[in-house]
Amino acid sequence: LSRLWLSYNSLRTINASTFQGLGALAELALTHNSITEIEPGAFQGLDRLTDLTLRNNSISEVGALSNLRKLEGFDAGANSLRVLRTGVLRDAKRLRVVLLDDNALRTVEPNAFSETGSLDWVWIPGNELNCSQFVAAMPITSRAFTCLDSVYCRIDQSIDTPSEIDDGACDADLDNEGCAWDGGDC
């Protein structure tokens, strides 16, 4: 089993043993449930997991993801996240895309993401946190990444995938100079 979608199942808690024996999973979608708690070790043993989607739940804190070494995509948008703790994704060295839109994020602790050499794109509109604050908490590597913190950013429509986005352009009408960060050109 390489893909498991458990969306719309009214799940409330992800126990430490929920995914035991499913080490071949590459994609796991837990969207549109009522998840409020993810027990420590809930994703332990999912060594091949590349995409984790927790969108549209009621999760207030994520702290059980540090062992996902092959994770490339992490979507925890539309939850109740307030803080990303130090080391939450410390082992996710292949992480490319992070979607944290529509939460209540106020804080990203230093080194929540460490060794982010492959990070391409961060999407955080709908939070109390902006990209400048997000970037300040990141260990800056030799690669720049794009961070969008406003739905009012324009992106070149000829680009098909987030990993190809080089520049976000600020909408001058909204006077939002911090709407995109990809090395400081906006």
Say whether, by atom type as modelled, one donor and one acceptor occur between the side chain of [X] and the main chain of [Y] under 3.5 angstrom.
| X | Y | value |
| --- | --- | --- |
| N57 | L30 | yes |
| E27 | R3 | no |
| T50 | A26 | yes |
| N33 | L11 | yes |

Note, [X] side chain near [Y] side chain (heavy atom, < 4.5 Å):
| X | Y | value |
| --- | --- | --- |
| T13 | E39 | yes |
| L54 | F74 | yes |
| L49 | F19 | no |
| V97 | L99 | yes |

Treating Ile, Leu, Val, Met, Phe, Trp and Tyr as nodes and any side-chain heavy-atom pair under 4.5 angstrom as an edge, say whether [X] and [Y] lie in one connected cluster.
| X | Y | result |
| --- | --- | --- |
| I59 | I124 | yes |
| L25 | L71 | yes |
| L1 | L28 | yes |
| V62 | L89 | yes |
| V122 | V83 | no |

What's the shortest heavy-atom distance between [X] and [Y], and which atoms?
| X | Y | answer |
| --- | --- | --- |
| A42 | I14 | CB-CG2, 3.7 Å |
| P40 | A16 | O-CB, 3.6 Å |
| N79 | G77 | ND2-O, 3.2 Å |
| N15 | T18 | N-OG1, 2.9 Å |

Should the heavy atoms of other residues, nucleotides or ligands under 6.0 Å from CD of Q20 be counted, would the total exceed 12? no
Verify side-chain hydrogen bond (donor to acceptor under 3.5 Å, both in side chains) between S7 and T31, making sure each step is shown before the conclusion. CA-CA 5 Å; S7 301; T31 64; 2.5 Å; yes
Once you round to the nearest 0.5 Å, how far does OG1 of T36 lie from CZ of R12? 7.5 Å
If you round to the nearest 0.5 Å, how far is CD of Q44 from CG of L68? 8.5 Å
Sole candidate of D120, D51, D75 that passes salt bridge (Lys or Arg N to Asp or Glu O under 4.0 Å) when paired with R96: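 The residue from D120, D51, D75 that satisfies salt bridge (Lys or Arg N to Asp or Glu O under 4.0 Å) with R96 turns out to be D120.
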Check ion pair E61-R85 (N to O, under 4.0 angstrom): yes
